**Student:** 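One structure, as structure tokens, below. Some questions next.
Worth saying up front: this structure is predicted, and the values here are computed from it rather than measured. Order of the sequence lines sets the chain letters (A, B, ...), proteins ahead of strands, with each chain counted from 1.
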There are 2 protein chains.
Amino acid sequence: MDEDRIDFVFKALAHPERRRILAFLHRQGEQSLFEICAFSHADGGQPLARQTVTQHLDMLERAGLIEISWKGRTKAHSVNLGPLREAIARAVGTYL
Amino acid sequence: MDEDRIDFVFKALAHPERRRILAFLHRQGEQSLFEICAFSHADGGQPLARQTVTQHLDMLERAGLIEISWKGRTKAHSVNLGPLREAIARAVGTYL
DNA sequence: AAGTTATGCAGTAAAATTACTGCATGTCAA
DNA sequence: TTGACATGCAGTAATTTTACTGCATAACTT
């Protein structure tokens, strides 16, 4: 993994709402934007505008941590843990 | 570890220069601010003002990733990997 | 004591992030 | 086909981050 991608992964993890969303997708599997918004509102999260959630999802996607597939008019988001594992492996190899 | 501290750790790791400094301290052991600045200038790093390096070190310290001890007028920085291990353990426990 | 060295503190500017609103577009369902 | 639904796109404002400059302070050295 190149350093740019590593950087995107750490930046993506640097916001609590994005970590919450990532954990949610990991528990629930594929979820649409609306479902993610609903979760974001409930479960202790401060209510964010749908477009704001989209921005967070964009950063997760840029890091390769989520993947998108379209089903008609709904966008399905699923977690890809590969980049997270690689980032952790890098950290472990460097520091531990 | 509380969520705030976790958040500081991920935020601290979200800048490549801070990860470089952390790896440097881990290799070299205790280093002064000036030594860290010298490393920052050399070794491919873009030259940053001393005060800018201090700001990065402040964020690493806020996360508990480095610790300070004064020897006369020089400030000795050393790595503390505890919070990094806890953050990784949290990530592993949550996602993997 | 005076000069040099290592660092701190305050203020500022540019850039990135975070969050918003308003409007547009494509898709499904009645 | 028309209306509701799921999402995109553009523009903006507030906040945070990043990096800077200038000056101040405290500690060694000579």
Side-chain angles (χ1 to χ4, degrees), chain A residues 3-22 24-25 28 30-42 44-63 65-78, chain B residues 3-22 24-25 28 30-42 44-63 65-78:
Chain A
E3 181 61 26
D4 275 353
R5 174 55 63 93
I6 284 273
D7 198 51
F8 288 147
V9 171
F10 281 118
K11 279 178 169 40
L13 294 173
H15 193 289
E17 187 65 18
R18 286 194 291 266
R19 295 195 299 275
R20 263 172 44 87
I21 290 172
L22 207 58
F24 170 67
L25 288 177
Q28 304 292 127
E30 234 176 39
Q31 299 286 318
S32 75
L33 172 57
F34 251 67
E35 289 166 324
I36 296 169
C37 286
F39 161 73
S40 184
H41 281 230
Q46 45 178 4
L48 296 176
R50 169 183 57 82
Q51 294 93 330
T52 304
V53 173
T54 296
Q55 286 179 320
H56 284 305
L57 293 172
D58 286 345
M59 298 195 71
L60 288 168
E61 194 190 359
R62 183 182 69 165
L65 289 167
I66 64 175
E67 283 164 353
I68 309 299
S69 69
W70 284 88
K71 324 255 171 175
R73 64 174 160 175
T74 75
K75 199 183 185 181
H77 305 75
S78 57
Chain B
E3 181 60 26
D4 275 353
R5 174 55 63 93
I6 283 274
D7 199 50
F8 288 147
V9 171
F10 281 119
K11 279 179 170 38
L13 294 174
H15 193 289
E17 187 65 18
R18 287 194 291 268
R19 294 194 300 276
R20 264 171 45 85
I21 290 172
L22 206 60
F24 170 66
L25 288 176
Q28 303 292 127
E30 231 175 42
Q31 299 285 317
S32 74
L33 172 56
F34 252 67
E35 290 168 323
I36 296 169
C37 287
F39 161 73
S40 185
H41 281 230
Q46 47 177 5
L48 296 176
R50 170 182 56 84
Q51 293 91 333
T52 304
V53 173
T54 296
Q55 285 178 320
H56 284 304
L57 293 172
D58 287 345
M59 297 195 73
L60 288 167
E61 193 189 0
R62 183 182 69 166
L65 289 167
I66 64 175
E67 283 163 352
I68 309 300
S69 69
W70 285 89
K71 324 258 169 171
R73 65 176 158 172
T74 74
K75 200 183 185 182
H77 305 76
S78 57

**Student:** Is there a donor N/O on one and an acceptor N/O on the other, under 3.5 Å, for the side chain of A/Gln51 and the base of D/dG11?
**Tutor:**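 Answer no: no donor N or O sits under 3.5 Å from an acceptor.
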**Student:** Which of the following nucleotides, C/dA6, D/dT7, C/dG8, is nearest to the side chain of A/Thr74?
**Tutor:**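 When the side chain of A/Thr74 is considered, D/dT7 is the closest of C/dA6, D/dT7, C/dG8.
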**Student:** Whole-Å distance between D/dT17 P and B/Asp58 CG?
**Tutor:** 12 Å
**Student:** Tell me whether the side-chain N/O atoms of B/His15 come closer than 4.0 Å to OP1 or OP2 in C/dT17.
**Tutor:**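 No, B/His15 has no side-chain N/O under 4.0 Å of OP1/OP2 on C/dT17.
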**Student:** In whole angstroms, how far is the C1' atom of C/dT17 from the CZ atom of A/Arg62?
**Tutor:** 10 Å
**Student:** Which one, D/dA6, D/dG8, D/dT21, comes nearest to the side chain of B/Ala49?
**Tutor:** D/dT21
**Student:** Rounded at 0.5 Å granularity, tell me how far NE2 in A/His15 sits from CG in A/Leu60.
**Tutor:**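 With rounding to 0.5 Å, NE2 (A/His15) is 10.5 Å from CG (A/Leu60).
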**Student:** What is the separation between atom CG on A/Leu57 and atom C1' on C/dT18, rounded to the nearest whole Å?
**Tutor:** 14 Å
**Student:** Rounded to the Å, how far apart are B/Met59 CE and C/dT17 C1'?
**Tutor:** 12 Å
**Student:** Mind checking B/Thr52 for me? I need base, sugar-phosphate or nothing, with any heavy atom below 4.0 Å counting as a touch.
**Tutor:** base
**Student:** Measuring from B/Leu65:CG to B/Leu57:CG, what's the distance to the nearest 0.5 Å?
**Tutor:**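 Output value for this atom pair is 11.5 Å.
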**Student:** How long is the gap from CZ on B/Phe39 to CD on B/Glu35, to the nearest 0.5 Å?
**Tutor:**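 Nearest 0.5 Å value for the CZ-CD distance: 12.5 Å.
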**Student:** Round to the nearest Å and state the distance from A/Leu48 atom CG to C/dA19 atom P.
**Tutor:**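 In whole Å, C/dA19 P and A/Leu48 CG are 5 Å from each other.
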**Student:** Let me confirm one number: the CE-CG distance from B/Met59 to B/Leu13, rounded to the nearest 0.5 Å.
**Tutor:**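 Rounded to the nearest 0.5 Å, the CE-CG separation comes to 10.5 Å.
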**Student:** From B/Ile6 CD1 over to B/Glu3 CD, what is the distance, rounded to the nearest 0.5 angstrom?
**Tutor:** 6.0 Å
**Student:** For a quick check of understanding: with a heavy-atom distance under 4.0 Å over all strands, which category does B/Gln46 fall into, base, sugar-phosphate or nothing?
**Tutor:**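 Result for B/Gln46 = sugar-phosphate.
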**Student:** So, OP1 or OP2 of C/dT7: does either fall under 4.0 Å of a side-chain N or O from B/His77?
**Tutor:** no
**Student:** When the distance from CZ of A/Phe34 to P of C/dC28 is rounded to whole Å, what number comes out?
**Tutor:** 16 Å
**Student:** Has B/His56 got a side-chain N or O lying under 4.0 Å from the OP1 or OP2 atom of D/dA19?
**Tutor:**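 B/His56 to D/dA19 OP1/OP2: side-chain N or O found under 4.0 Å.
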**Student:** B/Arg73 has a side chain; which of D/dC28, D/dC20, C/dT18 sits nearest to it?
**Tutor:** D/dC28
**Student:** Taking only the side-chain heavy atoms of B/Lys11 (C-beta and beyond), determine which of D/dT17, C/dT21, C/dT7 contains the nearest atom.
**Tutor:** D/dT17
**Student:** Find the distance B/Lys71:NZ to C/dT5:C1' and express it as a whole number of Å.
**Tutor:** 19 Å
**Student:** Going from CG on A/Asp58 to CD on A/Gln55, what distance comes out if it is rounded to the nearest 0.5 angstrom?
**Tutor:**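 Spacing of CG (A/Asp58) from CD (A/Gln55) equals 7.5 Å.
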**Student:** Nearest to the B/Gln55 side chain among D/dT18, D/dT7, C/dG8, which nucleotide is it?
**Tutor:**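 Closest nucleotide to the B/Gln55 side chain: D/dT18.
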**Student:** Would you say A/Lys75 places a side-chain N or O within less than 4.0 Å of OP1 or OP2 belonging to D/dG8?
**Tutor:** yes
**Student:** Between B/Arg19 (CZ) and D/dT18 (C1'), how many Å, whole number?
**Tutor:** 15 Å
**Student:** By nearest nucleotide on DNA chain C, pick out whichever of B/Arg50 and A/Arg18 is the more 5' one.
**Tutor:**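 Looking at the nearest nucleotide for each, B/Arg50 comes out on the 5' side.
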